[in-house]
Amino acid sequence: MPRPLSPSNGLSAAEARRVAIAAQGFAASPRLRKRRPFDPALDRLHVLQIDSVNVFARSHYLPVFSRHGAYDAEALDRLLWRSGEFTEYWAHEAAFIPVADRALFGWRMDDFRARDLRVWRTPALAPAVETVRAKLAADGPQFVRELEDEARGARGPWWDWSETKRAVEWLFATGEVVSAGREGFQRRYALAEQVLPPQALVPVPREDAQRALVERAARSLGVATLADLADYHRMRTSEARVAVARLEEEGTLLPATVEGWTTASGRPEPAWIHRDARVPSRLTPDALLTPFDPLVWFRPRAERIFDFHYRIEIYTPKEKRRYGYYCLPLMVGGHLAGRIDLKADRAGRELLVQAAWREDRAPARTAEAAQSLLADAAAWQGLERVRVSGVGNLALPEAFDAAG
């Protein structure tokens, strides 16, 4: 049974780790999993980061699989892109958020607008912005290719973006335009009022919105430092500090100390625990995690909680990579015990383990847990076998079947 918080809210390192894992949805009851399997995970995470890399599975599919096992990815797509319950915005990086919470990011839209008005971009984009507005107003949701007038070869300085693409992305950042679904992972854009309910367009005062976002971050993290809370929705630390003070005053956040959480000077690192958090007496999940899972996306927190130094190497030249192109953190028994570089060979119907590594203090059953998780992952992706290169220090069979 989880224990309630004590008056002092002092946590051991192990207790803090269990609080964090539980807050992230790894303790959902089997009863909850009988509903749509993604509901508990989405409720817990609040944001679901989107990434275009697709060597194994796109990043937004993995957090649900990590927490609840195999499920129908097309059903998640229908919920995220076609149900009207979710929308996309820069909530961490590009991410899905509940439509009901989109207005909480109005201050960020204002910041994008103010920042770009201070530099050259917006005046130069004015004609393209007006053209995009007019086309969307007249013809409804469209892809960039449908909005473009310029030749496909004419590109500006932003990642070879056309003027139209730059205009659309500026309108998306400032809130005038939203995603109305995707096709081939390309957004179809629409004016916000064409897609969103009226209440999602009502601005929320900056401080109120930021306080609500920090509260959601605290609920999703369980126990956190100021830096953790600020990073969850990519907020300035100074603004997150104001929100934390307000939430502490009202009793939503409780001051806490955690064994081993110290500042550079060796003093205890200030931390807070959400009033609804509980300390599980035992919590030992196994999971493969996307590099963009909220459990690990803030690398200083992953080091502090799990003693796990992790960097994604997709932007590292091949000859300089230490672990692999797209390594998924491996959690065994509630510890981050290794990393596995995966690639789906869909033509050959195999899940390729291009490298597999274990941490020095990994549990004894790490290889066994990894094999079971990989067999499940292959089956979930519709693959028949797992084939292992042998690169790395985590010993796995050369090949084995996907889960039956």
Side-chain angles (χ1 to χ4, degrees), residues 20-21 23-26 38 41-53 57-67 76 79-81 85-112 115 169 172-175 178-179 182 185 187 200 204 206 209-241 243-244 272 274 289-306 310-312 314-315 326 328-329:
I21 293 171
Q24 281 284 294
F26 286 95
F38 26 78
L42 296 180
D43 290 345
R44 284 289 187 170
L45 299 181
H46 187 241
V47 294
L48 197 62
Q49 186 170 334
I50 305 167
D51 189 79
S52 61
V53 176
R58 295 201 191 276
S59 185
H60 67 281
Y61 295 123
L62 262 295
V64 178
F65 175 74
S66 300
R67 288 153 178 81
L76 180 61
L79 174 68
L80 295 175
W81 283 321
E85 295 180 47
F86 288 84
T87 189
E88 297 182 41
Y89 192 62
W90 296 104
H92 178 75
E93 295 295 324
F96 293 105
I97 56 171
V99 165
D101 284 348
R102 183 181 181 272
L104 297 179
F105 293 93
W107 58 273
R108 174 158 294 152
M109 299 168 192
D110 292 342
D111 284 355
F112 272 117
R115 183 197 68 188
E169 290 299 330
F172 178 83
T174 58
V178 298
S179 173
R182 292 196 184 215
F185 216 63
R187 284 191 189 120
V204 177
R206 188 184 190 98
Q210 291 181 341
R211 186 169 70 256
L213 290 173
V214 169
E215 190 277 332
R216 284 159 173 73
R219 188 181 295 274
S220 294
L221 294 170
V223 60
T225 66
L226 178 63
D228 297 338
L229 294 167
D231 176 78
Y232 206 83
H233 296 105
R234 293 293 167 88
M235 195 179 298
R236 294 188 188 97
T237 303
S238 58
E239 293 184 306
R241 184 179 287 109
V244 167
W272 291 265
H274 195 281
L289 306 173
T290 169
F292 307 111
D293 193 295
L295 195 66
V296 296
W297 69 17
F298 188 42
R299 311 309 187 202
R301 178 176 170 86
E303 292 185 37
R304 191 184 331 114
I305 294 181
F306 297 101
Y310 177 74
R311 300 293 184 272
I312 192 168
I314 57 177
Y315 304 114
Y326 195 68
L328 277 65

> Taking the side chain from Y232 and the backbone from A227, do they hold a donor-acceptor pair closer than 3.5 Å?
Replying inline: no
> Quick one: CG on L42 to CG on L80, what's the gap to the nearest 0.5 Å?
Replying inline: 6.5 Å
>> Under the rule for salt bridge (Lys or Arg N to Asp or Glu O under 4.0 Å), what residues qualify as partners of R234, not counting sequence neighbours?
In response: E93, D231
> Taking it one step at a time, do R211 and V204 satisfy side-chain contact (heavy atoms from CB on, under 4.5 Å)?
Replying inline: CA-CA 11 Å; R211 186 169 70 256; V204 177; over 6 Å; no
> With R187, which residues qualify under salt bridge (Lys or Arg N to Asp or Glu O under 4.0 Å), at least two apart?
Replying inline: E88, E169
> Are any non-hydrogen side-chain atoms of L45 and H92 less than 4.5 angstrom apart?
Replying inline: no
> Taking all atoms of both residues into account, what is the closest heavy-atom pair of S66 and F26, and its distance?
Replying inline: O-CE2, 3.5 Å
> Does R115 count as lying over the ring of F112, i.e. NZ or CZ under 6.0 Å from the six-ring centre, within 45 degrees of the axis?
Replying inline: no
> Residues two or more places apart in sequence or in another chain: which of them pass side-chain contact (heavy atoms from CB on, under 4.5 Å) with T290?
Replying inline: S59, L62, P63, F292, D293, Y326
>> Using every non-hydrogen atom in the two residues, find where H46 and S220 come nearest and quote the distance to one decimal.
In response: CB-OG, 4.2 Å
>> If you compare all heavy atoms of A23 against all heavy atoms of L221, which two are closest, and at what distance to 0.1 Å?
In response: CB-C, 3.6 Å
>> Evaluate H233 against W107 for ring pair (Phe, Tyr, Trp, His ring centres under 6.0 Å), listing each step before the verdict.
In response: CA-CA 12 Å; H233 296 105; W107 58 273; 9.1 Å; no
> Of all heavy-atom pairs between E239 and Q210, which one has the smallest distance, and what is that distance?
Replying inline: OE1-NE2, 3.1 Å
>> Walk me through whether E215 and R219 qualify under salt bridge (Lys or Arg N to Asp or Glu O under 4.0 Å).
In response: CA-CA 6 Å; E215 190 277 332; R219 188 181 295 274; 2.8 Å; yes
> What closest approach, in Å, do P291 and P329 show between heavy atoms, and which atom pair accounts for it?
Replying inline: N-CD, 4.2 Å
> Looking at residues at least two apart in the chain, or sitting in another chain, which of them share a side-chain hydrogen bond (donor to acceptor under 3.5 Å, both in side chains) with R216?
Replying inline: D101
>> List the residues meeting side-chain hydrogen bond (donor to acceptor under 3.5 Å, both in side chains) with E85, not counting sequence neighbours, and say none if there are none.
In response: none
>> Measuring only between side-chain heavy atoms, which start at C-beta, is W297 closer than 4.5 Å to V47?
In response: yes
> Which heavy atom of V223 sits nearest a heavy atom of R301, and at what distance?
Replying inline: O-NH1, 2.9 Å
> Pick from W90, F86, F105: which one makes a side-chain contact (heavy atoms from CB on, under 4.5 Å) with I97?
Replying inline: F105
> R241: what forms a salt bridge (Lys or Arg N to Asp or Glu O under 4.0 Å) with it, not counting sequence neighbours?
Replying inline: none
